[in-house]
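Notes follow the structure.
Chain naming here is simple, since letters A, B, ... match the order of the sequence lines and numbering starts at 1 in each.
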Amino acid sequence: MSAYWKRNQRRLAPWLFLAPGMAMFALYVIIPIFQSMAISFYDWDGLGEKVWIGAANYVELLDDDAFYTSLKNNVIWLLLYLLAVPAGLLIAIFLNQTVWGIRAYKSLFFFPFVISQVVVGLMFSWFYAPNFGLFYKLIEAITGTGVAVLADEDWVTYGIIVAGLWPQIAYVMILYLTGLNNVAPDQIEAARLDGAKGWKMLWYVVLPQLRPATFIAVVVTVIGALRSFDLVSIMTDGGPYGSSRVLSFYMYEQALSEYGYRMGYGAAIAVVLFAIMMVFISGFIWKMWRDETER
Amino acid sequence: MVQMKRGALVLLAGLLMSGSAFAEQRSLVLNTDASDPAPKAAFDQLIAAFEAENPDIKVTVNMFDHEGYKTAIRNFLTADSPDLANWYAGNRMAPFVNGGQFQDVSDVWEANGLSDSLASAKASMTIDGKQWGVPYTYYQWGIYYNKDVYKAAGVEVPTTWDQFIANCAVFKAAGVDCLTTGTKALWPAAGIFDYIDLRTNGYEFHMDLTAGKIAWTDDRVKAAFAELGKLAAPGYITANHAAIDWQDAAALLVQGKAANYVMGNFAVATFKEGGMTNDTLGFMPFPEITPGIPRAEDAPTDTIHIPAGARNVADAKLFLAFLARADVQTQMNGTLGQLPTNKGSTVDATDPFLSAGFEMLSSSYALAQFFDRDAPAEMAKAGMEGFQEFMVNPDRLDAILARLEKVRAKAY
């Protein structure tokens, strides 16, 4: 035994160190994924007997208007949420200077990311609230009639995304600020001697050095957009009449909410969301793997 | 395994029934959503009274947040079951009854003559010919109105639907919302539809509709929506109601920016907190639409059940029998500010809203629970979204009804 250990110690040690993490990951992530997939083939209210119905849940999804609304909203979320990346970069560059009190400004810009999403949602609900909300009053003063963003099926999703962008931009900004700290000053100096400035400096000298930060910013933003749930739940509860649903919220509604007793159907929605996420996640992983092997 | 469990339960129940011989401390666990001040006080009273009568039983209460309870109940029923749990009558209890999570308590009804004393609530407690819990309170729905706004507009309190609509035109001209509501949480919209359908097509039709026996594309359903359209199309309902909570809409009524509000009696406390008094706040039953249809009302009932996993079933049944008693319900509902379900109970005569409600419900032809308690969960959710959408976009009626019909095909 001890001879075996002596011989293979170097080979076994990494696995031993990995074991607790892998066990947790399997227990809380990998196994539940497969359990969800299994449940999605059943008709189950979470209380009584499970009934195997094959792919019927997925067939039903294909003919479900609410599912397409959620899917469409998820795409809108994904596209608009990516605005956080350039916006965060802009603010980071703006704040990346040495004037008196800059740390205080930076922390103020970072503030929205520190407060909870629930609080962000509540604040924006009041901001948009008909009759007394600041935004409503502002629009009323300009155009004569107020717009209740959260009651309007055409605007509601955009209204929630704006609320989501607020903390997300702060998050991206912090990523870029740390990235900017690592930009090599000698390269900037050299570029300046060569006559580069403004956009050219940003595009050809600064941005390439920020690539790792950009990569992380895009990853967290894409995943943040796809798993958006809390803001929808707080601000509209999916309303008005379900027009601000996203997939994660629709899954919760079907399986776990006050009127949701359809575990199987909810699981089917979760599987679809998982598949969409996998497209992006495998893309990211592939890119990381390629970067590492190239070096 | 199940057999063993049941055996153990019987053994335990037997032991507990002979408990007095041992003079042992017995215990009951009650899970409740009575987290608001009035319900909490009522439950504290109820338990104190029960313990005073049964000194050897100790009741432990687990208080849950009102909204959180609705999802928590599924976890604790299957995982760590109490002996008693709050829930609601009608179809809202069906998933738990059909899933075998609630116990049949027909014997409690039998032994205490509840079929007679709780007659008005019996139908809503019955599934498969058995009773699954004991109701302890209900409350009326109707129209609450601001008397000052009526005076300022110079219109009479309506007795017919046509009058109501005619008043709306006057209110609209005066810049007041004729009917206010806040449908962010969806259910307030269901109250309006319930009443319009009950008044247009009658109780039996409404029950058949919520039971899935009638197509949503039926002409009679369209007729009910047409009546709702008389409010929605000219903009008599508060704009942006989809974005506001029912409490925000209550503020509009209090401030005189709205004239009427279709609500449950629990809202009276909110109106009064806002500064309304018995002199400015009025109550009327929903006016008649189709002449001659027997008047039915919405009266949601709150109940207590014994979960299947209860450990102390014998004492839980003792508790239910206690809860059903006339004097207990009188006292409890006095604190709750609601109506007792026992016909031998009395209500506080000095409260005009309770007296009016009691009068209205005891003279009504039949009682509906509420749309989301009469219809199964999936239908209720889709239906309420449909009502909300119709109230915003009355021109989409056909698309909405087609969608509801699709849900009906699946949900039943």
Region of V407(B) in contact with chain A, defined by heavy-atom distances below 4.5 Å:
neither
Between A243(B), A239(B), G99(B), who has the most heavy-atom pairs with chain A when the cutoff is under 4.5 Å?
A243(B)
Where on L150(A) is there a heavy atom nearer than 4.5 Å to chain B: the side chain, the backbone, both, or neither?
both
Would you say that more than 12 heavy atoms from the other residues, nucleotides or ligands in this model lie under 6.0 Å from the CE of M37(A), or not?
yes
Any residue meeting ring pair (Phe, Tyr, Trp, His ring centres under 6.0 Å) with F390(B), in chain and number order, not counting sequence neighbours
F225(B)
Contacting moiety of L77(B), where chain A heavy atoms sit under 4.5 Å
neither
So do P240(A) and V392(B) actually touch side chain to side chain, heavy atoms under 4.5 Å?
no
Could you list each donor and acceptor atom pair linking chain B to chain A at less than 3.5 Å?
residue, atom, partner, partner atom, Å
K70(B), NZ, E258(A), OE2, 3.3
R74(B), NH1, A255(A), O, 3.2
R74(B), NH1, G260(A), O, 2.8
R74(B), NH2, S257(A), O, 2.7
R74(B), NH2, G260(A), O, 3.0
R92(B), NH2, E258(A), OE2, 3.2
K184(B), NZ, I234(A), O, 3.4
K184(B), NZ, M235(A), O, 3.2
D372(B), OD2, Y259(A), OH, 2.5
E378(B), OE2, R262(A), NH1, 3.1
K381(B), NZ, E253(A), OE2, 2.7
E385(B), OE1, R245(A), NH2, 3.1
E385(B), OE2, R245(A), NH2, 2.6
Q388(B), OE1, Y241(A), N, 2.7
N393(B), ND2, Y241(A), OH, 2.8
R396(B), NH1, E153(A), OE1, 2.9
R396(B), NH1, E153(A), OE2, 3.4
R396(B), NH2, E153(A), OE1, 3.3
R396(B), NH2, E153(A), OE2, 2.7
K406(B), NZ, D63(A), O, 3.0
K410(B), NZ, E60(A), OE2, 2.8

Can you say whether M379(B) sits under 4.5 Å from chain A via the side chain, the backbone, both, or neither, judging by heavy atoms?
neither
